[in-house]
Amino acid sequence: MKIFGKGGFWAKRGGFFSFLESHNTRLTFQRESNPYSMPVNRNALIRYKTIDKCLQNRYRRWTLNDLIEACSDALYEYEGITKGVSRRSVQADIQMMRSDKLGYNAPIIVVDRKYYTYEDPTYSITNIPLTDQDLGMLTEAVEFMKQFQGFSHFRGLDGMVQKLEDHIYSQKTQNKPAIDFEKNDNLKGLEHLDRLYQAIIQKRAIHITYQSFKARVESTFDFHPYLLKEYRNRWFILGVKKKGSNLLNLALDRIVRIEDTETWYQGDSGFNAAEYFKDAIGVSVSPGVHAEEVVLFATHKHAPYIITKPLHHSQQLLEKDAYGITFSLYVQHNFELEKEILAFGEGVRVISPERLKRRIKDRMEAAVENYQTDLRSRGLDIAANKLQHKGSSILNYVYTSREVRHIRRMLDKVLNNGGKRPHAERRLLQLIPSLKTVLFNKNLRRILHNIDEQAFLTKAIYFDKTPDANWFVNWHQDIPINVAEKKEVAGYSKWTAKDGVISVCPPEQICQNRFSIRIHLDDADAQNGALRILAGSHKKIFDDDEIRLIAENSLPVLCEVPSGGIHLMKPLILHASSKSQTQKRRRVIHLEFASVELEGELEWGERAGW
């Protein structure tokens with residue numbers, strides 16, 4: 001077949017687009033064997049689609065007058081026709097849809113001799129399969145497009161041709177498709193594609209309501225669209241808010257709604273898509289940021305995937321040996337670059353630049369922490385049993401490094417006044433209420449639920465042991481509790497008041513229903529003030545002579561806890577600080593919990609749920 005011969009190109013081009021129109025919109029004439037069949041014009045199509053949409057809505061009962069009114073409204077909206085639709089036209093449309101002249105065979109029935117509906121609730125004229133005539137025209141269109149494969153100007157047709165060929169094959173043979181193209185049917189925002197496309201080609205401004213993932217509330221603005229771009233099955237629209245402003249890249253799945261606007265469209269005379277995306281992977285481009293050389297190493301196992309599918313058009317092979325390959329890219333540092341590198345996991349390592357190297361390293365360490373902080377039920381059960389029987393237990397990786405840094409920043413912001421940090425803050429959560437949400441993360445809530453579902457918070461203290469304050473405590477038991485006010489009650493003794501906090505030593509049975517959690521914000525070891533405990537010493541209250549005797553005749557256990565870990569303790573367990581000559585900073589948040597109320601009229605000084 002000649003493509004560029006006399007009339008050849010245009011004849012085939014006309015046939016191809018006639019097929020697309022007849023199948024997708026059914027706007028063209030469909031010639032049937034019946035010589036009396038009528039052509040389907042645009043107005044008839046609008047009426048068919050309107051009737052179909054009405055009958056699919058089974059939450060309403062549709063009379064003939066209702067359908068006439070709906071069709072009249074649709075014609076006015078789409079074509080500007082104001083004279084409405086006659087009763088006879090809608091009745092003829094229903095009969096046409098019921099027939100097989102257009103291939104619809106619509107199961108339209110009348111209920112109670114008045115209401116129209118589909119007998120099959122799942123039916124729609126948009127779901128009808130391709131006819132043999134459609135398949136023939138589609139085959140012809142594919143053969144036409146295949147002749148353009150290889151021409152540089154028609155490279156974009158390659159994927160389209162394969163998709164169409166596979167669709168024809170599956171329709172003709174009723175077999176499963178031989179090709180499965182990447183797709184995401186549940187992707188949000190695809191409903192905006194056509195309207196945005198029309199706005200670009202018609203050079204019309206639009207009014208967008210948009211909410212990014214980071215924004216708490218949506219924003220609205222006029223927008224002048226220049227380009228639709230797809231990356232990894234996600235669509236983006238590029239444009240500006242006003243002439244001379246920075247180019248914006250909006251994700252379609254974050255567009256809330258699009259409306260018309262009277263704003264005059266600002267053209268894109270200076271925008272060149274190829275030049276704009278030249279130095280970037282993906283769609284995130286920073287116009288003020290220069291591209292830089294990125295040098296990467298890929299292991300022997302992963303090298304073939306990178307060689308056969310380059311990460312960027314600037315990719316250059318620098319070195320190849322038995323261990324792998326070293327290659328370079330000339331790109332901007334953006335989110336998509338990091339994502340490409342991280343996708344290879346341990347298979348790709350950043351050599352330079354140093355900033356990107358640190359960034360990838362930090363993200364990979366954070367990924368490992370996500371698994372380390374995934375506490376297992378068995379581990380929680382063991383920790384709860386050790387707390388009950390030995391009086392002490394340690395759980396590492398309860399908080400990620402990121403959470404620890406966030407807690408530190410919150411503490412420093414409030415407590416670091418003039419560079420003077422308090423050695424202890426006894427009313428921590430009253431001073432920084434927002435800290436509670438961060439401390440009681442998912443892991444801590446699981447731990448508390450595993451130990452005692454009825455427990456509530458009774459005390460929150462912050463200890464900040466700095467290198468210049470190398471103090472330590474001798475063997476003791478944490479007996480005192482905080483109460484709301486001093487009231488003499490039998491069994492409660494040694495009342496004290498400090499920093500506005502009232503403390504008292506309760507009876508032994510109260511202590512048995514308490515436990516504490518020490519959250520470590522720095523590593524605690526023998527050189528940094530880690531606690532020493534005497535396991536099993538939490539069954540009763542000892543006097544000073546008993547404590548001295550037990551300490552002199554027992555072997556202590558050193559409780560080393562890394563940053564982000566916690567130390568579970570019973571309040572009566574004997575413990576002391578480690579003595580060190582090389583003390584570093586050691587920050588600890590001490591939380592106490594109980595599950596019993598106090599006797600008499602006494603109330604806990606700080607009672608809070610979690």
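Side-chain atoms are counted along with the backbone in the values below, which use heavy atoms only and exclude waters and symmetry mates.
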If you compare all heavy atoms of [X] against all heavy atoms of [Y], which two are closest, and at what distance to 0.1 Å?
{"X": "Arg514", "Y": "Asp478", "result": "NH2-O, 3.5 Å"}
{"X": "Asn249", "Y": "Ser284", "result": "ND2-N, 4.3 Å"}
{"X": "Arg532", "Y": "Pro556", "result": "CB-CB, 4.1 Å"}
{"X": "Gln477", "Y": "Ser537", "result": "NE2-O, 3.8 Å"}
{"X": "Leu531", "Y": "Arg518", "result": "CD1-NE, 3.5 Å"}
{"X": "Ala594", "Y": "Trp604", "result": "CB-CZ2, 3.7 Å"}

[Y] side chain reached by [X] side chain, heavy atoms, under 4.5 Å:
{"X": "Ser578", "Y": "Leu558", "result": "yes"}
{"X": "Ile325", "Y": "Phe297", "result": "no"}
{"X": "Leu415", "Y": "Tyr462", "result": "yes"}
{"X": "Val240", "Y": "Phe223", "result": "no"}
{"X": "Ser392", "Y": "Lys570", "result": "no"}
{"X": "Phe344", "Y": "Leu311", "result": "yes"}
{"X": "Ile566", "Y": "Ile394", "result": "no"}
{"X": "Leu411", "Y": "Leu521", "result": "yes"}

Donor-acceptor pair, distance only, cut-off 3.5 Å: does the side chain of [X] make one with the backbone of [Y]?
{"X": "His312", "Y": "Lys278", "value": "yes"}
{"X": "Asn334", "Y": "Ile281", "value": "yes"}
{"X": "Asp522", "Y": "Arg587", "value": "yes"}
{"X": "Glu369", "Y": "Gln372", "value": "no"}
{"X": "Ser245", "Y": "Lys242", "value": "yes"}
{"X": "Asp279", "Y": "Val331", "value": "no"}
{"X": "Asp499", "Y": "Val501", "value": "no"}
{"X": "Asp523", "Y": "Pro562", "value": "no"}
{"X": "His389", "Y": "Leu387", "value": "no"}
{"X": "His476", "Y": "Asn474", "value": "yes"}

Salt bridge (charged side-chain N to carboxylate O under 4.0 Å, His left out) between Glu292 and Arg355, worked out: CA-CA 12 Å; Glu292 58 185 333; Arg355 179 171 57 88; 3.2 Å; yes

If you measure from [atom1] on [X] to [atom2] on [Y], what distance do you get to the nearest 0.5 Å?
{"X": "Ile255", "Y": "His192", "atom1": "CD1", "atom2": "NE2", "result": "5.5 Å"}
{"X": "Trp495", "Y": "Glu488", "atom1": "CH2", "atom2": "CD", "result": "6.5 Å"}
{"X": "Leu250", "Y": "Tyr210", "atom1": "CG", "atom2": "OH", "result": "5.0 Å"}
{"X": "Leu574", "Y": "Trp475", "atom1": "CG", "atom2": "CH2", "result": "7.0 Å"}
{"X": "Phe327", "Y": "Ile306", "atom1": "CZ", "atom2": "CD1", "result": "4.0 Å"}
{"X": "Lys436", "Y": "Leu591", "atom1": "NZ", "atom2": "CG", "result": "10.5 Å"}

Does a salt bridge link Glu601 with Lys487, judged by any charged N lying under 4.0 Å from a carboxylate O?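 A salt bridge is present here (some side-chain N lies under 4.0 Å from a carboxylate O).
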
SB check Glu403 Arg408 (cutoff 4.0 Å):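 No, this pair does not count.
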
Between the side chains of [X] and [Y], does any donor sit under 3.5 Å from an acceptor?
{"X": "His590", "Y": "Glu592", "answer": "yes"}
{"X": "Glu338", "Y": "His333", "answer": "yes"}
{"X": "Ser328", "Y": "Gln315", "answer": "no"}
{"X": "Asn482", "Y": "Ser503", "answer": "yes"}
{"X": "Asp381", "Y": "Asn450", "answer": "yes"}
{"X": "Ser595", "Y": "Asp452", "answer": "yes"}

Contacts satisfying ring-ring contact (aromatic ring centres under 6.0 Å, His included) that involve residues 507-541 (not counting sequence neighbours) are Phe515-Phe593

Count the heavy atoms belonging to other residues, nucleotides or ligands that lie under 6.0 Å from [atom1] of [X], then report whether that count exceeds 12.
{"X": "Asn246", "atom1": "CG", "answer": "no"}
{"X": "Glu218", "atom1": "CD", "answer": "yes"}
{"X": "Lys539", "atom1": "NZ", "answer": "yes"}
{"X": "Tyr231", "atom1": "OH", "answer": "yes"}
{"X": "Asp543", "atom1": "CG", "answer": "yes"}
{"X": "Arg409", "atom1": "CZ", "answer": "yes"}
{"X": "Tyr397", "atom1": "OH", "answer": "no"}
{"X": "His313", "atom1": "NE2", "answer": "yes"}

Sequence neighbours left out, what passes side-chain hydrogen bond (donor to acceptor under 3.5 Å, both in side chains) with Asp222? Give chain and number order.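 Listed in chain order: His207, Thr261, Thr263.
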
Residue list, side-chain hydrogen bond (donor to acceptor under 3.5 Å, both in side chains) with Gln509, at least two apart or on another chain: none

Derivation of the side chain to side chain donor-acceptor pair (under 3.5 Å) call for Ser219 and Gln211: CA-CA 6 Å; Ser219 59; Gln211 184 172 7; over 6 Å; no

Residues Arg585, Asp464; criterion salt bridge (charged side-chain N to carboxylate O under 4.0 Å, His left out); working and verdict: CA-CA 7 Å; Arg585 190 176 184 187; Asp464 188 357; 2.9 Å; yes

Evaluate the criterion salt bridge (charged side-chain N to carboxylate O under 4.0 Å, His left out) for residue pair Glu191 and Arg257; output intermediate values, then yes/no. CA-CA 10 Å; Glu191 66 275 12; Arg257 59 184 169 273; over 6 Å; no

Does the structure place the NZ or CZ of Lys241 under 6.0 Å from the centre of the six-membered ring of Phe221, at an angle of no more than 45° from the ring's axis? yes

Check step by step if salt bridge (charged side-chain N to carboxylate O under 4.0 Å, His left out) holds for Glu365 and Lys361. CA-CA 6 Å; Glu365 287 177 347; Lys361 181 175 178 289; 2.7 Å; yes

